[in-house]
**Student:** 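The structure under discussion is supplied below as structure tokens; questions concerning it will follow.
Atom set for the values below is all heavy atoms of this structure, side chains included, hydrogens, waters and symmetry mates excluded. We name chains A, B, ... by the order of the sequence lines, and we start the count at 1 in each one.
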Amino acid sequence: MPELPEVEHAASLLRGFLAGRHIVRAEAPRSRVFRDEASRRAFVAKLRGRRFEVIDRRGKYMLLTFDGGVGLLAHLGMTGSFERAREGAAAPPHSRAQLHLDDGHVIHYRDPRMFGRIAIHTSAELLSLPEIAAIGPDPLRDGVDAKVLHAALSATKRPLKVALMDGAVIAGLGNIHATEALWRAKLHPARRADSLSRTDASALKRGIDASITFAIEQIARETAPEAPLRYVNDPQNDENPFLVYDRAGEPCPRRGCKGVLESMVLGGRTSAFCPTCQK
DNA sequence: ACGGATGTTCGCGC
DNA sequence: CGCGCGAACATCCG
């Protein structure tokens, strides 16, 4: 589920659920989502009775603050999501944590694979946590500066795509959007990160912005109340909304390019690319 | 039924 | 010490 656009969406959803609300009670069974048992107990103990203040996002991390100086760090991992249910309703599958609110709703943190994480801190220390402090510019929050991007990429010999997925270089890009951004920029994923020209870096900046923007618009379309019905056999309604991600073997979607998309593994992740137009 | 999946962290080797 | 790579984590889906 989550790269930057999905986390952004999840954060606004959660903001809507929590705005103006108090947490009556917090519960959570033991699970890997909490680093350890002390962390799970802190979740239960510290959130009881707290009033929600704000939710912020840094890359794929969500930072929540409550009154009394309570802060919560959440990461959705690979399969995490927040879902709202009526008080008294059966918990959805894989609910790893529950927030009982003062409006008759329960917020469930669902996460089948449990790669996600929830941790309680003080609100003051959230931004200085090592994992947050290490995060690079966020394309949505801060924008991408081509010069800064070029400098960050010039400092590593890793393959371009591996460097792009490093949150210290650019926040929030994962396998999908790194793949999409490179195709849009006509840059080969295996190329050494320190081989980019300033012009390449500018193209990459535009590729990143475009793939993030496209995904956010896509989410808006999918969640719009008036979203049109999808018809299974309509080729315009492909279930994969991305241009090249997971499309190895298909023709390159670039106008005028006769290439066929291939895939290779970089940094342990499958990468689709066009060998003809990505240099 | 087997293989792979949108993320992060840790340990190992160079 | 810094870098880079691969494995590990737990479950679902095609």
**Student:** Describe the nucleic acid contact of A/Tyr61 in one word from base, sugar-phosphate, nothing, applying a heavy-atom distance below 4.0 Å.
**Tutor:** sugar-phosphate

**Student:** Give A/Gly268 one of three labels, base, sugar-phosphate or nothing, depending on what nucleic acid heavy atoms sit under 4.0 Å from its own.
**Tutor:** nothing

**Student:** In whole Å, what separates the P atom of B/dG3 from that of C/dA7?
**Tutor:** 14 Å

**Student:** Given atom CZ of A/Arg117 and atom P of B/dT8, what is their separation to the nearest angstrom?
**Tutor:** 10 Å

**Student:** Give a yes/no answer on whether the side chain of A/Thr270 brings an N or O atom under 4.0 Å of OP1 or OP2 in B/dA5.
**Tutor:** yes

**Student:** Please report the distance, rounded to the nearest Å, between CG in A/Asn240 and C1' in B/dA5.
**Tutor:** 13 Å

**Student:** From C-beta outward on A/Pro112, which listed nucleotide comes closest to its side chain: C/dC12, C/dC5, B/dG7?
**Tutor:** C/dC12

**Student:** How long is the span from the OG1 atom in A/Thr79 to the CE atom in A/Met114, to the nearest 0.5 Å?
**Tutor:** 9.0 Å

**Student:** What's the separation between atom CZ in A/Phe43 and atom CG in A/Leu99, rounded to the nearest 0.5 Å?
**Tutor:** 4.5 Å

**Student:** At less than 4.0 Å, is any side-chain N or O atom of A/Thr156 found next to OP1 or OP2 of C/dG4? Yes or no.
**Tutor:** yes

**Student:** Could you tell me how far apart A/Glu6 (CD) and B/dA5 (P) are, to the nearest whole angstrom?
**Tutor:** 17 Å

**Student:** Take the protein atom CZ of A/Arg269 and the nucleotide atom P of B/dT8, then report the distance between them rounded to whole Å.
**Tutor:** 9 Å

**Student:** For A/His75 and B/dG7, give me the distance from atom NE2 to atom C1', rounded to whole Å.
**Tutor:** 6 Å

**Student:** Any donor-acceptor pair under 3.5 Å linking the side chain of A/Lys279 with the backbone of A/Thr276?
**Tutor:** yes

**Student:** May I ask you to verify if any side-chain N or O of A/Arg32 is less than 4.0 angstrom from the OP1 or OP2 atom of C/dC9?
**Tutor:** no

**Student:** For A/Phe115 and C/dC9, is the gap between ring centres under 5.5 Å while the planes differ by less than 30°?
**Tutor:** yes

**Student:** Calculate the interatomic distance between A/Met62 atom CE and B/dT8 atom P; express it in whole Å.
**Tutor:** 13 Å

**Student:** Evaluate the side-chain proximity of A/Leu149 to A/Leu196: yes if any heavy-atom separation is below 4.5 Å, no if none is.
**Tutor:** no

**Student:** With a sphere of 6.0 Å drawn around CZ of A/Arg51, does it hold more than 12 non-hydrogen atoms of other residues, nucleotides or ligands?
**Tutor:** yes

**Student:** What interatomic distance, in whole Å, is found between P of B/dG4 and the corresponding atom of C/dG6?
**Tutor:** 15 Å

**Student:** May I ask you to decide whether A/Arg192 forms a salt bridge with A/Asp194, counting only side-chain N to carboxylate O separations under 4.0 Å?
**Tutor:** yes

**Student:** C/dG4, OP1 or OP2 - any side-chain N/O from A/Lys157 closer than 4.0 Å?
**Tutor:** no

**Student:** Taking only side-chain nitrogens and oxygens of A/His94, does any of them come within less than 4.0 Å of OP1 or OP2 of C/dA10?
**Tutor:** no

**Student:** Can you tell me how far C1' of B/dT8 sits from CG of A/Leu173, to the nearest Å?
**Tutor:** 15 Å

**Student:** Who is the Watson-Crick or G-U wobble partner of B/dA5, with both distances under 3.5 Å?
**Tutor:** C/dT11

**Student:** In Watson-Crick or G-U wobble terms, both distances under 3.5 Å, what is the partner of C/dC1?
**Tutor:** none

**Student:** Could you state the CD1-P distance from A/Ile176 to B/dA5, rounded to the nearest angstrom?
**Tutor:** 11 Å

